[in-house]
Amino acid sequence: MMVIIFLILILSVFHVTMIDYLYNNPTFYQLNAYTWESDDFRSMQLGNIVADLKDIDYDTLTSLMVEHQYDLTKVKDLTVHTDRLLKIKPAEYRKLKKAYEIILGDLKYFPVPENANPDFPDVKFQNGWMESRSYGGERGHEGCDVMGNTKPRGTYPIISISDGVVEKVGWLEKGGWRLGIRPPGGAYLYYAHLYSYSKEWKKGDKVTAGELLGFMGDTGYSKVEGTTGNFDVHLHLGIYIRTDNNEEMSVNPYWVLKYLEKYRLKYSY
């Protein structure tokens with residue numbers, strides 16, 4: 001009997017000690033000053049638990065990501081322990097939270113409006129983050145493709161998903177006719193392979209969320225301006241942020257788009 005009691009005491013002490021270690025060991029939460037530059041962070045695995053939210057609470061999002069090793073695709077419970085994270089690593093936590101705010105905080109609409117005709121074929125997209133691409137050399141796919149290949153180029157309107165300022169416009173060999181827009185929070189949004197622009201955009205032009213930017217196409221993969229037909233009609237959306245060591249670091253837009261699906265404008269086209 002004494003042996004059993006002794007073993008129970010030992011197990012209890014071990015359990016308390018391990019819990020204390022996990023909560024206080026700086027490596028447990030996988031959180032440091034450069035977490036926002038890690039592959040785990042960049043993959044932006046928000047999961048349905050975040051994508052289904054009407055509005056994002058950034059303390060909840062940040063804590064969820066840290067506590068679930070930056071993958072929420074199988075998480076179903078919003079319970080978090082923000083106070084513990086702030087107690088253990090306040091500066092690192094706030095830096096990570098700010099990164100999520102930069103990426104998501106300015107976004108208002110899905111980039112392709114819904115057609116008012118319910119029988120019109122809708123666009124589709126899937127998680128193609130870092131899939132292999134070979135044009136211009138082997139590389140990973142740094143964006144998300146919204147496919148509209150059931151209709152001719154120039155059919156689907158592309159709108160701005162945020163307010164912002166045009167930073168880049170014109171032909172890019174890999175991106176075709178593209179627009180690069182900087183929202184107020186500091187992210188960089190890249191809209192590529194456009195068939196045409198809605199107007200003659202210039203660097204410095206202000207853009208309003210929901211404003212028509214142009215039309216979906218298949219331009220690019222050529223040094224010759226206006227080249228089409230090298231791939232299916234689609235919008236490539238890229239999201240980039242500035243970090244300590246990167247002027248433009250890409251993050252995965254897939255789950256961001258899943259979150260924005262509930263915020264679609266409706267057009268007749």
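Just so it is clear, the model here is predicted, and its values are computed rather than measured. Side chains included, hydrogens not; waters and symmetry mates left out as well; all remaining heavy atoms used.
Contact of the Val165 side chain with the Val207 side chain is not registered, since no non-hydrogen atoms from C-beta on lie closer than 4.5 Å. Between Arg42 and Ser250 the shortest side-chain heavy-atom distance falls below 4.5 Å. In this structure, the side chains of Trp255 and Asn48 come closer than 4.5 Å at one or more pairs of heavy atoms. Residues Asn246 and Tyr240 are not in side-chain contact: their nearest non-hydrogen atoms beyond the backbone lie 4.5 Å or more apart. At least one side-chain heavy atom of Glu67 sits less than 4.5 Å from a side-chain heavy atom of His81. Looking at heavy atoms from C-beta onward, Thr219 lies in side-chain contact with Trp171 at the 4.5 angstrom threshold. Here the side chains of Leu104 and Leu61 are in contact, with some heavy-atom distance below 4.5 Å. The shortest distance between side-chain heavy atoms of Leu31 and Tyr70 falls below 4.5 Å.
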I would like to know whether Tyr267 and Phe120 meet ring pair (Phe, Tyr, Trp, His ring centres under 6.0 Å); could you show each step before the answer? CA-CA 11 Å; Tyr267 281 16; Phe120 195 88; over 10 Å; no

Hey, mind stepping through Tyr221 and Phe231 against ring pair (Phe, Tyr, Trp, His ring centres under 6.0 Å) and telling me if it holds? CA-CA 9 Å; Tyr221 278 27; Phe231 40 75; 5.0 Å; yes

Would you please test Asn127 and Asn252 for side chain to side chain donor-acceptor pair (under 3.5 Å) and show each step? CA-CA 8 Å; Asn127 194 350; Asn252 185 3; 3.1 Å; yes

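Heavy-atom contacts from other residues, nucleotides or ligands closer than 6.0 Å to CD of Glu131 number more than 12.
Here the CZ-CE distance, from Arg139 to Met130, works out to 10.5 Å after rounding to the nearest 0.5 Å. Note that OH of Tyr100 is 7.5 Å distant from CG of Leu46, once rounded to the nearest 0.5 Å. Atom CG in Leu237 sits 5.0 Å away from atom CD1 in Ile239 (nearest 0.5 Å).
Relative to the six-membered ring of Tyr93, Lys87 misses at least one condition, a distance below 6.0 Å or an angle of at most 45° to the axis.
Among all heavy-atom pairs drawn from Leu265 and Gly210, the shortest one is CD1-CA, 3.9 Å. Nearest approach of Ser63 to Val80, heavy atoms of both residues: CB-CB, 3.6 Å. Closest of all the heavy-atom pairs between Met147 and Met216 is C-SD, 4.4 Å. Between Ile161 and Tyr191, the shortest heavy-atom contact is N-OH, 3.1 Å. Val146 and Phe125 get closest at one heavy-atom pair: CA-CB, 4.0 Å. Contact detail for Glu37 and Met249: the closest heavy-atom pair is CA-SD, 3.7 Å.
No donor-acceptor contact under 3.5 angstrom links the side chains of Asp122 and Asn115, judged on distance only. For Gln45 and Thr73, the side-chain atoms include no donor-acceptor pair closer than 3.5 Å. Using modelled atom types, one finds a donor on one side chain and an acceptor on the other under 3.5 Å when comparing Ser132 with Glu138. Side-chain contact, Asp77 with Thr79: a donor N or O sits under 3.5 Å from an acceptor N or O.
For Lys266, the side-chain contact (heavy atoms from CB on, under 4.5 Å) test picks out Glu114, Ala116, with sequence neighbours left out.
Under 4.0 Å is where a charged nitrogen must lie from a carboxylate oxygen, and between Lys258 and Asp52 no such pair does. Salt-bridge formation is detected for the pair Asp145/Arg133: a Lys NZ or Arg NE/NH1/NH2 atom is positioned less than 4.0 Å from an Asp or Glu carboxylate oxygen.
When atom types are taken as modelled, the side chain of Thr155 and the backbone of Pro152 share a donor-acceptor pair closer than 3.5 angstrom. Between the side chain of Ser38 and the main chain of Phe41, a donor-acceptor pair closer than 3.5 Å is present.
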Taking distance alone, no hydrogens or angles, what donor-acceptor pairs closer than 3.5 Å link side-chain atoms of residues 179-190 to residues at least two apart or in another chain?
unit_1, atom_1, unit_2, atom_2, d
Arg182, NE, Glu167, OE2, 2.8
Arg182, NH1, Gly186, O, 3.1
Arg182, NH2, Glu167, OE1, 3.0

